[in-house]
Amino acid sequence: LTKRLRKDETSTPLESTLSYPSTSIPPKISPVPIQQPTSLLTFSYTPSRELVWDDSAMKYYVDPPPGAELSYGYERWVKKPEERGRIDSLLRAWSKARMPGIGLVSWRGVMTKILTAPYEERDSWDLNVMCVNGTLYLEEHSSDARLKEKDDMNPRQRMQTYYGYAFESWCTSSSPDRPESLPGHRAGWGGDVDTNVQWCNVIKTKLGDVRMVIGGEVDCIRGRKDGKHDAFVELKTSLAIRDQRDEARFEKKLLKFYFQSFLLGVPEIIVGFRTPSGRLTTIQTFKTVQLPRLVRGKPGAWDPQLCLDWGRRFLTFLKSTVQTDPNTPEENKRVWRVRFTPGKGVSVRLLDEEGVRDVEGGEERVGFLPNWFWEEEMG
Ligand code: A3P
Ligand code: MG
Ligand code: MG
């Protein structure tokens with residue numbers, strides 16, 4: 001852990017860095033305690049992207065028809081526009097289910113990026129971080145250029161992305177025991193894809209000594225909903241494995257599947273293998289907890305303990321860098337930018353006024369926190 005401190009008048013470090021963990025030399029790490037998540041509440045997004053406090057978007061798993069076509073319905077895809085990954089709906093949920101002692105609030109996708117960083121060789125990422133009344137709030141920072149890039153997917157990428165959603169439709173039904181039979185559609189089709197619609201779960205967990213509230217989408221559940229976690233299912237698609245190189249590539253991908261599912265307490269991941277042109281070949285079920293053992297000693301191996309150890313060090317570092325003085329309320333308004341660069345590590349810097357304005361995006365916010373939430377906090 002290296003810390004470069006450039007002090008200003010208020011003696012706040014302007015930039016701190018945390019070095020990248022080595023994955024080649026097995027470090028001596030003591031197991032990092034992580035708590036089994038407990039569910040706080042669930043909510044749904046309607047087709048018009050309205051947040052409703054119910055399970056209307058929840059789906060049940062059903063076996064997909066053999067050889068299902070993942071390009072089916074492509075031209076009817078209602079695509080959710082790319083947006084800044086705002087934390088607003090999670091804050092609304094958090095506001096309903098507040099409890100003392102929570103050190104961090106964030107979407108699951110952000111935590112997955114943090115925890116899998118030790119094995120990330122390609123993609124860098126940026127976060128915005130605020131510390132309000134001692135709780136850390138994290139949101140992904142996407143520049144306008146990055147959002148535009150995501151929205152302007154080339155036709156091939158767009159189709160491949162669609163395959164993932166079409167798989168969800170072939171594998172889910174609004175009724176627990178039978179596939180949908182929708183007039184005018186192929187048998188087993190769960191309905192045209194509308195990516196506005198999502199079912200979200202908000203959970204509480206603890207990594208090291210940080211209690212956190214995390215929200216994320218759950219693809220579907222098995223059997224009847226009984227309020228317990230053990231029925232959640234994550235759906236994934238992947239190119240059918242042809243040789244050992246494909247296998248290693250797939251094992252590497254399992255790291256992201258693992259943490260994405262693990263963080264929300266999703267015990268089962270169902271992978272639909274497909275041909276390059278989107279025909280389903282086989283499906284395979286993985287138990288989330290068994291994935292680390294499955295990849296151990298293989299070419300694409302990864303070690304979740306190394307990720308958890310890194311995650312704990314990252315959070316300790318972040319807390320010590322951004323913590324505010326309880327006697328100086330103005331400090332709660334500070335916004336920090338975390339930048340992760342593969343092979344290098346993580347740096348944290350305090351945003352200047354212009355940077356904060358950019359984060360606010362001309363909306364009614366203090367930093368990236370909506371005004372209503374800010375007032376609730378300062379109340
Ligand atoms: P697959 O991952 O099965 O291809 P999730 O698996 O997280 O539930 O996401 C469902 C689908 O959304 C994915 O299906 C993929 O098509 C698309 N998707 C998710 N994250 C993405 C990303 N970062 N970039 C592009 N597409 C993404
Ligand atoms: Mg999903
Ligand atoms: Mg999925």
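Order of appearance sets the numbers: ligands from 1, and atoms from 1 within every ligand.
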Charged N to carboxylate O below 4.0 Å: is that the case for Lys148 and Asp151?
->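 Looking at Asp151 together with Lys148, the answer is no, because their closest N to O distance does not fall below 4.0 Å.
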Using 2.8 Å as a strict upper limit, say whether an N, O or S atom of Lys236 approaches the Mg ion (ligand 3) that closely.
->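 So Lys236 does not bind the Mg ion (ligand 3) by this criterion.
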From the candidates Lys150, Glu168, Arg274, the one that places a heavy atom nearest atom 10 (C) of ligand 1 |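 Answer by nearest heavy atom: Glu168.
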Which is closest to atom 5 (P) of ligand 1 by heavy-atom distance: Gln157, Glu217, Gln160, Glu234?
->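 Shortest heavy-atom distance from atom 5 (P) of ligand 1: Glu234.
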Proximity flag Thr195 to ligand 1, non-hydrogen atoms under 4.0 Å |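 It does not; every heavy atom stays at 4.0 Å or beyond.
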[X]-[Y] aromatic ring centre distance below 6.0 Å:
| X | Y | result |
| --- | --- | --- |
| Tyr137 | Phe373 | yes |
| Trp199 | Phe232 | yes |
| Trp302 | Tyr119 | no |
| Phe259 | Phe257 | no |

Does Arg98 make a cation-pi contact with Trp94 (under 6.0 Å, within 45 degrees of the axis)?
->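 The answer is yes; both the distance and angle limits are met.
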Row check, Trp77 ring normal vs Arg158 NZ/CZ: under 6.0 Å, within 45° |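 Judged by the rule, Arg158 and Trp77 form a cation-pi pair.
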Of all the N, O or S atoms in Glu234, which one sits nearest to the Mg ion (ligand 3)?
->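 The atom in question is OE2.
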Does the pair Phe250 and Val271 meet the rule for a side chain to side chain contact (heavy atoms under 4.5 Å, CB included), with working shown?
-> CA-CA 11 Å; Phe250 178 70; Val271 179; 4.1 Å; yes
Aromatic rings Tyr20 and Trp310: how do their planes relate, parallel, tilted or perpendicular, breaks at 30° and 60°?
->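 The arrangement is perpendicular - the two ring planes meet at more than 60°.
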Take the angle between the ring planes of Trp189 and His185 and call it parallel below 30°, perpendicular above 60°, tilted in between.
->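 Answer is tilted, since the angle falls between 30° and 60°.
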Looking at [atom], what's its closest protein heavy atom, distance included?
| atom | value |
| --- | --- |
| atom 19 (C) of ligand 1 | Tyr165 OH, 4.6 Å |
| atom 7 (O) of ligand 1 | Gln260 NE2, 2.9 Å |
| atom 6 (O) of ligand 1 | Lys236 NZ, 2.7 Å |
| atom 25 (C) of ligand 1 | Thr161 OG1, 4.1 Å |
| atom 4 (O) of ligand 1 | Thr237 OG1, 3.0 Å |
| atom 14 (O) of ligand 1 | Gly164 CA, 3.3 Å |

Testing Val338, Leu127, Asp358, Leu351 for side-chain contact (heavy atoms from CB on, under 4.5 Å) with His141, which one passes?
->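 One option only clears the test, and that one is Asp358.
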Does [atom] have any protein heavy atom closer than 4.0 Å?
| atom | result |
| --- | --- |
| atom 2 (O) of ligand 1 | yes |
| atom 12 (O) of ligand 1 | yes |
| atom 22 (C) of ligand 1 | no |
| atom 17 (C) of ligand 1 | yes |

Quick one: report the N, O or S atom of Glu217 that is nearest to the Mg ion (ligand 2).
->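 Nearest N/O/S atom: OE1.
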Which N, O or S atom name in Asp219 marks its closest approach to the Mg ion (ligand 2)?
->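 Going by distance to the Mg ion (ligand 2), the closest N, O or S atom in Asp219 is OD1.
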For the pair Glu69 (side chain) and Tyr72 (backbone), establish whether a donor and an acceptor sit closer than 3.5 Å, ignoring hydrogens and angles.
->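 Not confirmed, Glu69 side chain does not pair with Tyr72 backbone.
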Tyr162, any N or O under 3.5 Å of ligand 1 N or O |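 Among all N and O atoms of Tyr162, none is under 3.5 Å from an N or O of ligand 1.
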Which part of Asp219 is near ligand 1, with near meaning a heavy atom under 4.0 Å away: side chain, backbone, both or neither?
->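 Only the side chain of Asp219 comes within reach of ligand 1.
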Which atoms of ligand 1 sit under 4.0 Å from any heavy atom of Leu235?
->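 Matching atoms, with element in brackets: 6 (O).
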